[in-house]
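Every chain is numbered from 1 and lettered A, B, ... according to where its sequence line falls, protein lines coming before strand lines. On a predicted model such as this, the values are computed, not experimentally measured, just so you know.
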Amino acid sequence: MERSQLFEDMKKAIIEGDSQKAESLAKKSLQNQIDPRKAINSGFIPGIQEVGKMWEKGEYFLPELMTSANAMKSAMALLRPELKKSQVPTKSRGRVVIGTVEGDIHDVGKSLVASMLSANGFEVTDLGADVKLDKFLQSAQKKKAHIICLSALLTTTMLGQKRFIEMLKEKKLKTQYKILVGGAPTTQKWADEIEADGYAENALSAIQLALKVMGHKGSLQ
Amino acid sequence: MIPSLRPKFELLTPELIQKIMKEAMNILEKQGVFVENTEVMNLFRESGMKVKESERRVFITPQLVQECLSQAPSVIKLYDRSQQLEFKVGEDEIHFDPGSAAVHLLDHKIQQQRKPWTEDLIRFSRLTDCLEHLHFQSTGLISSDVPETVADSYRLFISLQFSSKPIITGTFLVRGFQPMYEMLKVIRGNQKSLKEKPLAVFDACPSPPLNWSHLTSQSLIDCARAGIPSELISMGMTGATSPVTLVGTLVQHVAENLSGLVISQLAEKGAPVIFGGSPSSFDMRKGTTPMGAIETMMIDSAYSQIGKYLHLPTHAYMGLSDAKINDSQSGMESGVGAVLAALSGINVISGPGMMNFESCQSLEKLVIDNEICGMMYRLLEGISQREEPLAEHLFEDFKPDTHFLSMLHTRNWYRKEHIFPKIVDRDTYGDWGRKGKKSMAERAHQEVERILQENPPALPDKDVVKELKKIMLFEFKKEGLSELPEIKY
């Protein structure tokens with residue numbers, strides 16, 4: 001198969017949100033000893049870029065966004081270890097620990113943000129929902145995270161975001177991480193009030209925000 | 001006299017109901033539900049159900065579901081604070097109550113939503129108490145000037161003082177139940193009277209899909225034992241936390257509600273439960289949960305039909321809107337929802353006043369919706385034969401200049417046949433202009449202020465207020481606060 005055709009298929013698999021196809025194409029590119037960097041940059045990333053564009057245009061809705069992000073994640077899971085093996089060190093766009101704070105079992109919005117961050121080149125550790133505040137910190141320390149994302153969907157549980165930041169301040173760790181908050185009841189005002197490093201209203205702006213706090217310029221990958 | 005036809009709206013065929021029931025029962029038996037409450041886990045184990053301890057998962061047999069269904073009452077009676085008024089919750093009786101529980105209030109003066117505080121809760125309770133078509137009160141606002149940890153009991157504390165209507169409420173934390181129970185007992189005098197004449201209904205929301213949190217399962221068993229009716233509020237979001245098809249969400253809805261009903265019956269045989277919910281269509285573009293979506297209303301109507309099929313009292317969140325101000329969208333969604341809810345014969349319809357995805361209450365909308373509710377009661381009365389003959393006799397000696405305005409027949413019947421809204425505009429164009437060209441929202445605001453000014457609060461006896469304050473203060477002290485917010489009576 002022509003390389004250009006393979007890259008085209010990769011792009012298509014992401015646009016169609018076909019995880020199985022994306023995986024098998026990633027495997028095929030490895031078998032054919034195609035540089036994984038090339039596969040990512042010429043095949044998969046143009047796919048997720050297109051998905052982003054279609055979302056902006058209002059053609060794609062959440063189910064497409066979510067399944068495409070998952071397809072991207074599946075391909076990256078195969079290619080990333082190979083990248084690490086290769087001679088040239090590759091940089092991820094940043095390490096992120098994400099979860100919904102304790103007492104809150106809402107998962108959907110947070111998972112979407114996690115998938116989209118991961119699809120856009122961040123190394124994401126998704127702790128799930130109802131996560132104890134200690135666990136956020138432990139995981140961030142273990143993973144040497146740059147960013148900690150706290151989600152909350154209830155007005156009662158959003159206080160957990162505040163407590164987490166207070167906890168970091170007490171431990172004098174606040175400046176080590178960028179703390180981003182989100183979830184239905186949260187606002188920019190709330191983020192300012194609790195001294196979070198950022199707030200995003202939806203998954204796409206969360207990526208922009210993550211890029212911004214990491215000092216990356218530009219828009220979606 | 002020929003009896004009038006009760007208009008009725010149904011979406012499900014008997015075959016589809018059977019199929020939904022069967023799949024829901026299969027899920028309960030084969031996949032089970034998660035229960036995060038040890039006491040409830042024990043209840044299931046004692047009743048012989050299979051329990052997977054490590055996953056906190058229980059499997060419920062169809063036999064147990066059937067047994068519990070046969071125990072639960074098909075009609076519940078609620079009584080107001082004075083015990084004078086009795087409300088039947090069941091069959092096709094409908095009762096409206098304000099949508100609950102909003103974290104914001106739409107402040108008419110600034111045309112923005114803001115956090116509500118004690119004074120807003122008082123105005124809200126007093127207004128609801130005066131609006132005749134809202135049969136029940138609800139603890140519809142969350143006060144931001146008290147600690148979150150006492151916000152649930154504080155809502156009830158205000159409601160019980162400023163309104164005499166039965167109340168739809170619920171706990172936010174497990175510890176909220178005890179003070180709320182104590183307050184209700186103070187109103188009724190003792191535990192037994194409260195059980196005999198329930199004053200409040202507590203909402204219990206499973207976490208979709210198929211999970212009963214520690215809080216909600218505790219609320220179910222606490223209420224069952226106290227004789228307080230529980231409203232089962234399953235709330236799948238199509239394609240997000242429940243299947244994307246409406247019928248798929250109904251399967252999950254029924255499975256969740258039935259498991260709640262079982263928990264409640266295991267705690268206390270014959271405990272009163274209401275088959276309710278707050279499911280919603282999930283907007284795949286915005287990631288929001290529109291309560292004004294027609295699909296949301298269709299799910300509501302359909303699960304209530306299943307509730308009726310199971311001979312249980314029913315509830316739904318209908319007659320609310322996702323609009324941010326009192327505009328056309330607000331009226332459109334609230335009106336359509338109220339019509340479908342009424343025609344579906346849903347017993348407790350929670351919605352009036354509510355907007356912005358169940359997050360914001362508006363006093364003006366409450367007044368507007370009260371008029372919609374009035375229209376619904378009229379609609380359900382249907383068209384009756386008032387006398388014999390119907391009208392033939394009115395045409396005797398019929399002449400070209402015959403009119404009906406001066407007939408005694410008109411005078412006798414017009415108030416019974418027609419309702420007269422207060423704030424709906426029926427002025428001529430000229431009169432409307434002379435009165436300041438006011439919009440519905442502006443007229444509603446005037447009405448809010450008029451009602452609150454002209455109707456003194458319906459306070460209970462001083463001793464009762466004192467007792468309620470004692471209970472509330474005890475909770476505040478746990479939070480390190482020495483006094484309650486100031487309340488102007």
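Within 6.0 Å of the NZ atom in A:Lys169, the count of heavy atoms belonging to other residues, nucleotides or ligands exceeds 12. More than 12 heavy atoms of other residues, nucleotides or ligands lie within 6.0 Å of NZ in A:Lys73, so this atom counts as buried by the packing criterion.
Proximity to chain B (any heavy atom under 4.5 Å) is shown, for A:Leu154, by neither the backbone nor the side chain. Contact annotation for B:Phe282: only side-chain heavy atoms (C-beta onward) come within less than 4.5 Å of a heavy atom of chain A.
Counting heavy-atom pairs under 4.5 Å between each of A:Leu159, A:Leu112, A:Leu65, A:Leu62 and chain B puts A:Leu62 at the top.
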Between chain A and chain B: donor-acceptor pairs at under 3.5 Å:
residue: A:Trp55; atom: O; partner: B:Arg285; partner atom: NH1; Å: 2.8
residue: A:Trp55; atom: O; partner: B:Arg285; partner atom: NH2; Å: 2.8
residue: A:Tyr60; atom: O; partner: B:Arg285; partner atom: NH1; Å: 3.2
residue: A:Leu62; atom: N; partner: B:Met284; partner atom: O; Å: 2.5

